[in-house]
Every structure is written in C-alpha cells, then in structure tokens.
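The first residue in the sequence is number 1, and the count goes up from there. Excluded from the calculations below are hydrogen atoms, water molecules and symmetry mates; all remaining heavy atoms, backbone and side chain alike, are included.
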Amino acid sequence: MGTPLGRKARLLMLVAASLVSMPAWSSAWGSPAAFGPVFEEQPLGLLFPEESTEEKVTLACHARASPPATYRWKVNGTEMKLEPGSRQQLVGGNLVIMNPSKAQDAGVYQCLASNPVGTVVSREAVLRFGFLQEFSKEERDPVKTHEGWGVMLPCNPPAHYPGLSYRWLLNEFPNFIPTDGRHFVSQTTGNLYIARTNASDLGNYSCLATSHMDFSTKSVFSKFAQLNLAAEDTRLFAPSIKARFPAETYALVGQQVTLECFAFGNPVPRIKWRKVDGSLSPQWATAEPTLQIPSVGFEDEGTYECEAENAKGRDTVQGRVIVQAQPEWLRVISDREADIGSDLHWTCAAAGKPRPAVRWLRNGEPLTSQARVEVLAGDLRFSKLSLEDSGMYQCVAENKHGTIYASAELAVQALAPDFRLNPVRRLIPAARGGEVVIPCQPRAAPKAVVLWSKGTEILVNSSRVTVTPDGTLIIRNVSRSDEGKYTCFAENFMGKANSTGTLSVRDATKITLAPSSADINLGDNLTLQCHASHDPTMDLTFVWTLDDFPIDSDKPGGHYQRASVKETVGDLTILNAQLRHGGKYTCTAQTVVDSASKAATVLVRGPPGAPGGVVVRDISDTSVQLSWSRGFDNHSPIAKYTLQARTLPSGKWKQVRTTPSVAPSGLSGGGGAPGELTVTWTPMSREYQHGGGFGYLLSFRRQGGTSWQTARVPGADAQYFVYSNDSVRPYTPFEVKIRSYNRRGDGPESLVAVVYSAEEEPRVAPPKVWAKGVSSSEMNVSWEPVQQDMNGILLGYEIRYWKAGDKAAAADRVRTAGLDTSALVTGLHANTKYHVTVRAYNRAGTGPASPSANATTMKPPPRRPPGNISWTFSSSSLIIKWDPVVPLGNESAVTGYKMLYQNDLHPTPTLHLTSKNWIEITVPEDIGHALVQIRTTGPGGDGVPAEVHIVRNGGTSMMVENSAVCPAPHPDTTLTHSVAALVLLGYLQL
C-alpha cells in the first residue's frame, strides 16, 4: 500500500511526467511538438474475384503523426490478432491478406492509428468476393411463335456477384444481335425481346453474360435455344409493353440511372419518354428502349412515363425515381488548443438522405455524456477541461448509404506565464495630453491574473488609469509625471513572470495653421495651407484626404502637389481643379505617438451637366413635342436650354424624318447547331433609325453561288438570325450582307462579309498513341496528329485515361490547348497500369477515339527521409553527411539526393544534387546560421525531406532524428518543471 508520503511522491512524479510530455509544454521549451495521427491514406473497398490468380489483398493505411503512429485493424467491429507467420500481416500500416477467401476474409475492415497523443479510426472498407458461375448444361427448350408476333427469349443467368452485362448470339460467334428498334436486350434480366419477328430471326440463340470486377473480366455462354416461326400473321397489333422499369427506382446522387421500356407490336412501336411532373433534360440519353440520367440529382426525382405507340394504338407505364444521398459534411471539427479548466464546444453537421445520425469517438472509442461531457447529436461540450481530456476526437455521420469521419486533436494546456514571445515594449513613447495603450500578453494556461506597477507602486483603476480585463494598461491625459518604468506581473497556478518597459513622454503634435474653405471655378489653382508643431525628437509627416480617401501627391502629371519641403509645413496645391476635386479636405499631422487633424471644404463651380430622360411626344411631319429632366447645375444656376436636331451625315440641324441613312455594322456570325448558319450584327441606335417600323433585311448565299436568299428580321433590338436547313454542310463559307428598313423604306446595304456555318465534331482519330510512365504520379502521352477535315477548325486533343480494370466510361480527361502532339498527365496513382486514348476536338465537340495505349507509373519514392545527418565546418566550406536511404520492395530506387540550402546572409535558397550520401559546398566565413533540407530522388520522384538548422560553432555536430536540432535545455529547466508540478499538485488537491 505504501505510506501517504510515498503515495504523494509517486503522484508528483506522474504529474510532472504528464506535463513534460504534453505537446503544448514541449512547444513552450522549444523542442519538437507532438501531434496526433492524421490519415494520409485510408483503406478502400475492394471487389476480389474468387477465381483470381492474385495471391494477396492489400488494404492501405498510413497516418502522419509525431511520434510515429502504430497501427491496428478491426474486421466486422472485432480487433484482429495479427501474429507473425499468419495469413494476415501488418506491413507498415497496411493490412496484407495472403490467399484471401470469401469464407474467412469477407467483411468490413477499419484501420486504427495510435500514438501517445491519441487514436483515430479510418473509414470503413468492405472486402467483397465476386464470382460468376457457369450456365446450366441442360439443353434449352425451343421457342415457337408466329412470324409477325413478338417474342421473349429468357436468359436465366447463373449465380453471380456483382451485376452482369448481357449480349445475345445468333447461330455462331461473333454474330451478335444488334440493338435496334426491333430487338432489345434487357441489362436488368438479360432477356432478349423481339418486337415483331420476321424470317431473318429463325435460328439458334445463346445468352452471353459478362462480369466486370476491379481487375478481372469473365464471360459465360448459355446453351443455344432454337427459335421456330409458324405461318406469318399479317394482322396489325397495338403495342404491349413487356420490359417494364420498376414502380420505384432508388438511386444515390451522382449515380447513373437507367430505365428500360420495350413493347411488342405490329408495326414495331416507337418508344417516347416524358417526366410527368417536370421536363426531361436535353443532356440525357433518350435512346428509344432506355432513358439514361448520367448523374442523377435531387431535381431529377419524380415520376417518369414510357409510351409505346404505333398505328394501332398506344401503351404506357409509369414509375417513380427516388433520389437519396450519402452523408456529406456541412461543418467539420478542427484541432483545438484549450486552457486547463476552460470550457469547450465542438460542432459538426452533415447532410444526406436519409438524414445522417451523428455520433462521437474519443481515441477510437464511443463517447457518451458523462460528468463534465455533454454529447447531443452534432454538439460536443466540455466543462472545466482537464489534462485527461487531451486526445483525438472524431465526429461520425452515417446513414444506410455510408459513413464519414471528421477528426481533430484536443490539446489541453497547462503553462506558467511566459513573456518570451510577447514582452512588454522596452521603450514606450507617448504624447503629452494624449493616451497610451500598453498591452500585456504573456503566454499562459490557464489565463494569467495580471497586475501592473510603476516602479514599486501597484497601479489601480482611476479616472486616468485603467487595467482592462485582458491585462492592457491604458493611461489618459499623459503628463511628464507619468514617465518611468512600468512592469506587468502575470500569475496562474503554474507559476509567475513579469516584463518591464519604460514610458517616455513627448510633446504633443498640434496644427498651428489650419486649411481654409474655398470657392473656386473649374480650371483654377488653389493652395490649402497646413502647418504643425511637434516634439523635435520625432519625425513629422502630413497626410491629406478628400472625403476620407487618401490623396497621392506624388503621382506624375496629377492634379495634386505638395507646396513645401519644410518638415513643419504640409501645404497642398490643387492644379487645374475639376468638378470631382470638390469636397472635404482633411490635413493630418502625425508622429509615431500621436496625430492632429483639421478640415476645410472646397467648392468647384462649373458649366451645367447634360439633361436626361428626353421624351418625344405628338410627332407630326413638321414638329415634335420634347420634355426632359434637368441635369446637375454644378453649383451655378441654369439660365437656358438649347434644342438641336440634325440629319446625318449632312450635319444640318432641322426637324426632319427619312429612311435609314447608314447600314448596320458589326456583321459577323458562326457557331450554332449542325445544319445552321448564324449571322449577328450590332443593333442600330435610335438616332440612326429615323422612324418607326424599324427592322433588318438580311441576304445570304453559299460562297461562289449566284442567287441570294433573303430574310426579314423585325425589331430595332434584333441582333442575330439563324438559318436552319439540312442541306447546310458543316463549316461552309457563306457571303452575307444586311440593310435596315423603317416605314419610309430601306436603307443602304452593308459590305459583304463571309460567315461560316456551324461546325461538327471531327471525323478522324489519331492513328497511333504512345504512353510511358515517367514518375510515380506522371506519364507522358504522345500521338500522331490528325489531318484538318472539313467539319471545322481543330482546336486540340483530349486525352482520356483510366486504371486497368476500370471501365472506359469512368476515364479522367485532360485537354491540350493547341495542336501539340504530346502532353504530360499528372496526379496519377503510383505503380498503376493505365489505358490511354486520344481524341481530336473542335468547337462542336470531340471526335472518335484512337487505338488505346498502356502505361504503368513508377513505384513511389521512399517515404523515409535521410537520417543521422551530421555536418562539419571548415574556414570556407561545409561538409554534410547522412545515412543512405534503402528503398522498400514497393518503393522506387534511389538514384541520388537533393539538398536545398539557405543561410542568414542570402535568404534565397539554392538547390544542390549529388549521387553520394554526402556533399561539400562553399560557404562564406561569416555565416552564422543555415537551414538545410535533404531528400531522396529517383524514377518515382522526390521523397520526404529531412530538415536541420545548422549553427556555426567551429566544430562538428550531429542530428540523429529527422527533425530540427533541439537546443540544449535551460539550466533551470529541471527546477522549473518540479516547481510547476508541485503547484499543480496543490491545485489538484483543492
């Protein structure tokens, strides 16, 4: 049991140890701060083919942490026992499963990363096993129907996971059934539907089912089934829908939704789609048997109808699409530092459908309400924080479609007051008669109690002296008697500290000659006077503003100029005053301790502004009635108005109206949809219209043609015309011209312009493509160019790339801006095989794909920085050495090292390369301090840097850890830690 004294001694040792190990405490003494695990790589769900020849499955997990993290794994909520020699091994943080099987290994996996700060849990990763069995070996019964009737041939696919895609063979491979209006293969059931049979449908049919998994594809064939046709039935039949989409279809936001609908009938029915409670998007694929919504959103939810129609009638079916969503963060938590004994409130919020439920984890374990902790959905509240509350916290939002995690570290601090980062200013100047503010901001946790003294006198609040709640000292109406030394004392239960500054009182700044208000005319010059007196030991500057906006008197060619170079004279001269120069001018004379200001008003008079809102009424052949609003008088009374009218271009002023006298300008065009010619022009302003009934007459013909086509476009504001005709070939030049008209007649024609019809997508693909991985995240792609075709102007190329095993439809895309025939693709996964195709594109879109090429990215560079860095100074050089970095099997080779060097004499860093594990560089003899970063380099790119700070001391130094060199501990450190621990022990016993 031990004596009470012994128990207190052990408690003291534990408290001292916990304080020294705290991140905030360590940071305060200059050593590297610890931080909790932050995931850089989390496991992803995986579909593993049961028949795969792969011998292992790897679930990745890596977290950044200091000290480095250790890792554990859970499967289906139970912690795994990863023993040496077992099928399940821990490699770094990754979980490697050898010879995986569905019975033993299928499940939900999570990675736990821990260090002394705390533990975080990764997202869930589901390991599933895919399979596709063979079709039944039994012979299939023949199917018989009358020629002219519809028929369905069932696929009856074998057991499988996940879903399949289906095709049908007729008689022999590869004679596949085409997808046309008469045939339809359901991708839901695999069944083959023929809307109306004819003699060509006779034969033997086999269903081909294909399974697509992450890195495997498998296909199986059914036994052939014979289709026999009896005598033709020539009657006509109304549609009858046989392949129907469900009454309710559930989908997640962003997924592709496909609705199927196919009908029997004679003639073959035509399928049409509509949204009952809205409209279909023009971007959706509405090929007759299917409706595809490529990326469904909440706005797409609703009821959809398929209608099958022919000459004999119609049939319809309806179903509802219900859109839901995985959780998505609206607000996440972030790392917090908090004082011991304080309160804390964390909030997180997530959206989703159904609405996500929110729960909390502390160091990977469920967190519920307790004595000082309140957990309420997305709110987490602490009262009176203690050191034990430090750790890693996670907010978890989940619904039936998924789970998301947000992580943050809580560091509860206990620090004695420390002024080293924010000492009181040594010299505090203040103006006599003014106010001085002296902050006191020591670093402390909990917040320190602050007292101020002047000399040996403790200051208390009075009419002139105030100590604010945050410890700031304010002295008003400063006098010479306030000069002296002021000390801020700060204390909390961890300890105490103080910092001292000297207050020096200076003469106040005063305006001795203030600017006077003035009334001037446009174009006049004016000098505004401003003189001031100030303390001769300080510099004086003048600042002028106009209506509170600063004036730049040094701008070349400007309207403002400083009129004197004397320090106490700040006169401002306004040259060639404009109307905008009127307003309130303020002169401010200022020193570093105070300022004084005076203002004056300048009025600039000028000619009146233009009238506005002109309205024309009672128009006749010889007169009109006009009305208008008055413009700005610019500080002078308006004496009279002058009315003028003229006919362009003669320039003679009179009351007259004629046909349009000038042609429209800006004739141009191009673009639009296939089969269209779009012509644009600049609408003519009212002064050129000369009357009502205004519009445009457009003439156009194919370049080189003889006859003109014309189009009348009414309305003065019209600015384009679209001619649509199937005979218009893509990117064909047309000659166009235009004139305007009003009720009096037609105006003159414009000059002829050449406008091209709309472009269409390129028709040719690059004939050859090459791809090569050049690093762990980059590959170089090159191709043979395509020839310019007549469909339009080639703008560049689009590169599509996707990982082996993925579908081409999920490819990422990048476009080149220009006709280059090579590009560097970045942002790739390391050690991964990619398929690549290239397409040409123009304004109308992209052309067909080139043959695909393959490339595999390099392995990633080593994740470990160089260690055991040491250095030696000589008179003019610096030699740095380090241990070589040996790459792991899943990392790329090390071909050399890069060193970034920066010293206190030349802040611009320089880069050095070496193939050895040491380097010698020339340095100035007077260098005092340098910063060095060393990293590996190789085919996979650059590795993680090791950073060291080097101080010249004439000897040899060595760094064992991969972080900044720690300074030697202060001689009083041990004593301070002990005193702090004793104070904290007393506080805990209270």
Close side-chain approach of [X] and [Y], heavy atoms under 4.5 Å:
| X | Y | answer |
| --- | --- | --- |
| W770 | E784 | yes |
| V781 | V769 | yes |
| L819 | P785 | no |
| Y834 | V825 | no |
| E260 | T290 | yes |
| V736 | Y723 | no |
| S699 | T710 | yes |
| R167 | V185 | no |

Any idea which heavy atoms bring [X] and [Y] closest together, and the distance?
| X | Y | value |
| --- | --- | --- |
| N791 | P730 | OD1-CG, 3.7 Å |
| V604 | H635 | O-CD2, 3.1 Å |
| A263 | A308 | CB-CB, 3.6 Å |
| N634 | L579 | ND2-CD1, 3.5 Å |
| G745 | P660 | O-CD, 3.8 Å |
| V662 | S740 | O-OG, 3.9 Å |

Given side-chain contact (heavy atoms from CB on, under 4.5 Å), test E248 with I322 step by step and report yes or no. CA-CA 7 Å; E248 288 186 343; I322 300 171; 4.0 Å; yes

Hey, does the side chain of [X] reach the backbone of [Y] with a donor-acceptor pair shorter than 3.5 angstrom?
| X | Y | value |
| --- | --- | --- |
| N780 | V774 | no |
| K353 | V323 | yes |
| W273 | E288 | yes |
| D552 | D554 | yes |
| Y696 | A716 | yes |
| H835 | N854 | no |
| T659 | R744 | no |
| Q578 | N576 | yes |
| N842 | E760 | yes |
| S757 | T732 | yes |

Is the charged tip of R686 near the ring of F694: under 6.0 Å from the six-membered ring centre and within 45° of its axis? no

Step through the shown structure and confirm whether more than 12 heavy atoms of other residues, nucleotides or ligands are within 6.0 Å of [atom1] on [X].
| X | atom1 | result |
| --- | --- | --- |
| Y720 | OH | no |
| R815 | CZ | yes |
| E299 | CD | yes |
| N725 | CG | yes |
| F298 | CZ | yes |
| E328 | CD | no |

Can you classify the ring geometry of F262 versus F184 as parallel (below 30°), tilted (30 to 60°) or perpendicular (above 60°)? parallel

For the pair Y731 and Y756, name the ring-plane relationship: parallel under 30°, tilted 30 to 60°, perpendicular over 60°. parallel

V754 vs Q703, test: side-chain contact (heavy atoms from CB on, under 4.5 Å). Steps then yes/no. CA-CA 8 Å; V754 176; Q703 192 175 46; 3.7 Å; yes

Salt bridge E309-K272, side-chain N to carboxylate O under 4.0 Å: yes

Nearest-0.5 Å distance, [atom1] of residue [X] to [atom2] of residue [Y]:
| X | Y | atom1 | atom2 | result |
| --- | --- | --- | --- | --- |
| Q187 | T258 | CD | OG1 | 9.0 Å |
| N521 | R605 | CG | CZ | 8.0 Å |
| D812 | I799 | CG | CD1 | 12.0 Å |
| Y797 | R839 | OH | CZ | 14.5 Å |
| E749 | L697 | CD | CG | 8.5 Å |
| W802 | R813 | CH2 | CZ | 10.5 Å |

Name all residues meeting the salt bridge (Lys or Arg N to Asp or Glu O under 4.0 Å) criterion together with D277; count only those two or more places apart in sequence or in a different chain, and write none if there are none. R320

Check salt bridge (Lys or Arg N to Asp or Glu O under 4.0 Å) between R702 and all other residues, then give those that pass, not counting sequence neighbours. none

Flag for Q318-E305: side-chain donor and acceptor within less than 3.5 Å: yes

Strictly by modelled atom types, are E798 and T846 linked by a side-chain donor-acceptor pair under 3.5 Å? no

Test side-chain contact (heavy atoms from CB on, under 4.5 Å) applied to L259 and C306, step by step: CA-CA 9 Å; L259 304 180; C306 165; over 6 Å; no

For F700 and V679: C-alpha separation, side-chain torsions, deciding distance, then whether side-chain contact (heavy atoms from CB on, under 4.5 Å) applies. CA-CA 9 Å; F700 57 93; V679 182; 5.7 Å; no

